[in-house]
Undergrad: 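This is the structure I want to talk about, given as structure tokens.
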Amino acid sequence: MAKIQTPRPVRGTQDMLGGTPDNMADRFSHVVSTFDRVRKLYGFRRAEVPVFEATAVFARSLGESTDVVSKEMYSFEDRGGDSLTLRPEFTAGLARAYITEGWQQYAPVRLATHGPLFRYERPQKGRYRQFHQIDAEIIGAAEPLADVELLCFADHLLRELGVNEGVTLTLNTLGDAQSRDAWRDALVAHFEGHRDQLSEDSLDRLGRNPLRILDSKDAGDQAVVANAPGIDAYLSDEAAAFFEKVTDGLKAAGVAWQRNDRLVRGLDYYRHTAFEFITDRLGAQGTVLGGGRYDGLIENMGGLATPAVGWAAGIERLAMLLDETGVQPIDVVIALEDDALLSTALSGLRALREQGLSAELVASGSPRKRYDKAAKIPAGALVSLSVRDGAPHLGVRGEGVIPAQAESVLKPLL
RNA sequence: GCGAUCGUAGCUCAGUUGGUUAGAGCGCUGGUUUGUGGUACCAGAGGUCGGGGGUUCGAACCCCCUCGAUCGCCCCA
């Protein structure tokens, strides 16, 4: 008989299991539950949007020239011939829902969501084809206070997760449309003047997305970038005033940040505030949380002109930064050393669990080895059930209060 | 799409300048202690050495191709 070939997992997908040394599944869930707790403190309501959308939702909003659209989308035709795409980010879908589901009536609305996203990329550290983000948006708020609130939320979340050490908020403004365009023109002029010093990649970017040259990792590019004009000289008075209100708000709220006047964001729709929380602990993937203001997006998608600001953070990246692996020991482990007491053990499990004590049973393999096997499971109390001199016998070991609790629950069952 | 590194047991890894029947620890299964016991001892199962081709008397080891993983470039959370 031919050996059956087990299908391999798809490249860039992951399987996670709790209770393992790296304990990714539990770390992952800790990030999500912390996010859900903190978002309530800021009045963000839960939103759910589909995992796939009409391709146009992403193609139109992200910008046709971005790599995400041109080569990273998981797009397919459904049976009706419609082009659909697995979402590569949250913002576009939320913006679509805001328009099509009448969420405008709640404006300004604070939204929080999380779930899987998909991009066709080469996987590497902290980067996957199916990855997961938590996401927060404020739609319908033009004032800088919204940016401040959103950044406070992000900062608070990172502190709650205990990953704020070694993660810094870098902040920039891209200005309003006029400021951004003027700066962009100045940058193009600057880079055109140094064409001969630019890498091949950057020459390509020059035509496609010149702002991206600013964070090129190429050494030659960086020399040119160092002399490139910053945004500040091109900011309109209004844009400068907006940015000042954001930074004043952060100061008042006690959120630390660093200016990076070279910081740009990859997607076309950003205006004004742009920010990234970065770390050097994740290899080449330094950004752990990123976002900004995208005032033009909703109008771009056919809605009314609607200001909005938001951020997203990679759950895997946050999970990798967590110090504690958070393996939760179980309260009680029962070693069943004589199968005659199986029914006692089962009713004991039920009684323990109804008292709110987590419990598990070791009842397989050689009865003589079950005690040793149970002893290897981290637990608050180790209970043995055996028959001695023809009578059921209960043995309880462990530190703290759990052994006594377990004994008082189990003793009456013998 | 490009580059570098790496693929040996379920897991973590040894394996000498190419040389008999490829090893260890953990895990798993069974046994030993007639015991109030977490750590011991014995045994067993488990391997197409990622796959294919080549060089050689002989390949886990050298060469080529291929698949996969990791990390990096691009891009991005």
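Note: hydrogens, waters and symmetry copies are ignored here, and every other heavy atom, side chains too, is used. The sequence lines fix the lettering, A, B, ..., with proteins before strands; numbering per chain opens at 1.
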Undergrad: A/Tyr270 has an atom OH; how far is it from atom P of B/C76, in whole Å?
TA: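 Going from A/Tyr270 (OH) to B/C76 (P), I get 10 Å.
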Undergrad: Would you indicate what A/Gly126 reaches in the nucleic acid, counting non-hydrogen atoms under 4.0 angstrom: base, sugar-phosphate, or nothing?
TA: base
Undergrad: Is A/Tyr120 touching bases, backbone alone, or none of the nucleic acid, heavy atoms closer than 4.0 Å?
TA: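 It contacts nothing in the nucleic acid.
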Undergrad: In the structure shown, which nucleotide is the Watson-Crick or G-U wobble counterpart of B/G25, with both distances under 3.5 Å?
TA: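 The answer is B/C11, by the H-bond criterion.
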Undergrad: From B/C28, B/C76, B/C75, pick the nucleotide closest to the side chain of A/Arg212?
TA: B/C76
Undergrad: Between B/C73, B/A77, B/G68, spot the one nearest the side chain of A/Asp201, thanks.
TA: B/C73
Undergrad: Quick check for you: among B/U29, B/C76, B/G72, whose closest atom lies nearest to any side-chain atom of A/Arg317?
TA: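 Shortest atom-to-atom distance from the side chain points to B/C76.
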Undergrad: Could you measure between the two C1' atoms, the one in B/G23 and the one in B/G15, and give it in whole Å?
TA: 7 Å
Undergrad: Kindly check if the number of other-residue, nucleotide or ligand heavy atoms within 6.0 Å of CZ (A/Arg46) is above 12?
TA: yes
Undergrad: Could you tell me whether A/Arg259 and A/Asp232 make a salt bridge, using a distance below 4.0 angstrom between a side-chain N and a carboxylate O?
TA: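 Salt bridge between A/Arg259 and A/Asp232, a charged N being under 4.0 Å from a carboxylate O: yes.
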Undergrad: Starting at atom CZ of A/Arg370, determine the distance to atom C1' of B/G35, rounded to an integer number of angstrom.
TA: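 Distance check: A/Arg370 CZ to B/G35 C1' gives 17 Å.
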Undergrad: Can you figure out which of B/G38, B/C76, B/U32 approaches the side chain of A/Arg368 most closely?
TA: B/U32
Undergrad: When rounded to the nearest Å, what value does the distance between P atoms of B/U29 and B/G46 take?
TA: 16 Å
Undergrad: Rounded off to whole Å, could you give me the CD-to-C1' distance for the A/Gln14 and B/A69 pair?
TA: 14 Å
Undergrad: Base, sugar-phosphate alone, or nothing: which one does A/Arg265 contact when heavy atoms must sit under 4.0 Å apart?
TA: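 Sugar-phosphate: the residue A/Arg265, judged by heavy atoms under 4.0 Å, touches backbone atoms but no base.
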Undergrad: Among A/Asp147, A/Thr173, A/Asp176, exactly one meets side-chain hydrogen bond (donor to acceptor under 3.5 Å, both in side chains) together with A/Arg293. Which residue is that?
TA: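 The residue from A/Asp147, A/Thr173, A/Asp176 that satisfies side-chain hydrogen bond (donor to acceptor under 3.5 Å, both in side chains) with A/Arg293 turns out to be A/Asp147.
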Undergrad: Work out how far the C1' atom of B/C26 is from that of B/A9, and round it to whole angstrom.
TA: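 Rounded to whole Å, the distance is 12 Å.
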Undergrad: Given that both distances must come in under 3.5 Å, which nucleotide forms a Watson-Crick or G-U wobble pair with B/G3?
TA: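 Paired with B/C71.
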Undergrad: Is there a ring-ring contact (aromatic ring centres under 6.0 Å, His included) between A/Trp311 and A/Phe277? Walk through the geometry before answering.
TA: CA-CA 10 Å; A/Trp311 56 251; A/Phe277 287 78; 8.1 Å; no
Undergrad: Counting heavy atoms not belonging to A/Tyr120, are there more than 12 under 6.0 Å from its OH?
TA: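 Not buried by this count: 12 neighbours or fewer within 6.0 Å.
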Undergrad: Does OP1 or OP2 of B/C76 have a side-chain N or O of A/Lys125 closer than 4.0 Å?
TA: no
Undergrad: Atom CD of A/Glu121 and atom P of B/G72: how far apart are they, to the nearest Å?
TA: 13 Å
Undergrad: For the residue pair A/Phe44 and A/Phe153, does the interplanar ring angle fall in the parallel (under 30°), tilted (30 to 60°) or perpendicular (over 60°) class?
TA: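 It falls in the tilted class, 30° to 60°.
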Undergrad: Hey, which sits more toward the 5' end of RNA chain B by its nearest nucleotide, A/Phe277 or A/Ala375?
TA: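 Its nearest nucleotide lies further toward 5', so the answer is A/Ala375.
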Undergrad: Classify A/Ser384 by what it touches in the nucleic acid, base, sugar-phosphate, or nothing, heavy-atom distance under 4.0 Å.
TA: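 Base, at least one base heavy atom under 4.0 Å.
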Undergrad: Can you tell me whether the side chain of A/Glu337 and the base of B/G35 have a donor-acceptor pair closer than 3.5 Å?
TA: no
Undergrad: Say we look at B/U70 and B/G30: how far apart would their P atoms be, to the nearest angstrom?
TA: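 It works out to 36 Å between them.
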Undergrad: Rounded to the Å, how far apart are A/Glu200 CD and B/G1 P?
TA: 18 Å
Undergrad: Taking only the side-chain heavy atoms of A/Arg122 (C-beta and beyond), determine which of B/C76, B/G27, B/C2 contains the nearest atom.
TA: B/C2
Undergrad: Rounded off to whole Å, could you give me the CE-to-C1' distance for the A/Met320 and B/C71 pair?
TA: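 The distance from CE of A/Met320 to C1' of B/C71 comes to 13 Å, rounded to the nearest Å.
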Undergrad: Please report the distance separating the C1' of B/G58 from the corresponding atom of B/G18, rounded so that it comes out in whole Å.
TA: 8 Å
Undergrad: Please lay out, stage by stage, how A/Thr273 and A/Val246 fare under the test side chain to side chain contact (heavy atoms under 4.5 Å, CB included).
TA: CA-CA 8 Å; A/Thr273 316; A/Val246 173; 3.9 Å; yes
Undergrad: Determine: side-chain N/O of A/Lys376 to OP1/OP2 of B/G38, distance under 4.0 Å, yes or no.
TA: no
Undergrad: If you look at every strand shown and take non-hydrogen atoms under 4.0 Å, does A/Gly283 touch a base, only sugar-phosphate, or nothing?
TA: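 Sugar-phosphate, no base atom in range.
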Undergrad: For A/Tyr106, is the NZ or CZ atom of A/Arg45 found under 6.0 angstrom from the centre of its six-membered ring and inside 45 degrees of the ring axis?
TA: yes
Undergrad: Using the C1' atom on both, measure B/A69 against B/G31 and round to a whole Å.
TA: 40 Å
Undergrad: Just call it for A/His393: base, sugar-phosphate, or nothing, with non-hydrogen atoms closer than 4.0 Å on any strand.
TA: base
Undergrad: Would you say whether A/Tyr371 stacks on B/G37? The test is a distance between ring centres of less than 5.5 Å and an angle between planes of less than 30°.
TA: yes
Undergrad: Taking B/U66 as the reference, what is the distance to B/C28 when you measure between their P atoms (whole Å, please)?
TA: 42 Å
Undergrad: Is the phosphate of B/A77, meaning OP1 or OP2, less than 4.0 Å from a side-chain N or O of A/Gln285?
TA: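 The answer is no; no side-chain N or O of A/Gln285 sits under 4.0 Å from OP1 or OP2.
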Undergrad: Quick one: which of B/A77, B/G37, B/C28 gets closest to the side chain of A/Thr287?
TA: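 Looking only at heavy atoms from C-beta outward on A/Thr287, the closest nucleotide is B/A77.
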Undergrad: So, does the side chain of A/Lys369 form a donor-acceptor pair with the base of B/G38 at under 3.5 Å?
TA: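 A donor-acceptor contact between them is absent.
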Undergrad: Would you classify A/Ala284 as touching base, sugar-phosphate or nothing, given that sugar-phosphate means primed atoms plus P, OP1 and OP2, and contacts are heavy atoms under 4.0 Å?
TA: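 Sugar-phosphate contact only.
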Undergrad: Which base, if any, makes a Watson-Crick or G-U wobble pair with B/G30, both distances under 3.5 Å?
TA: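 B/C42 is the nucleotide pairing with B/G30.
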Undergrad: Scan every strand shown for a Watson-Crick or G-U wobble partner of B/U56, both distances under 3.5 Å, and answer none if you come up empty.
TA: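 With both distances under 3.5 Å required, B/U56 matches none.
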Undergrad: Which value, in whole Å, describes the distance between the P atoms of nucleotides B/C11 and B/A4?
TA: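 Approximately 28 Å lies between the P atom of B/C11 and that of B/A4.
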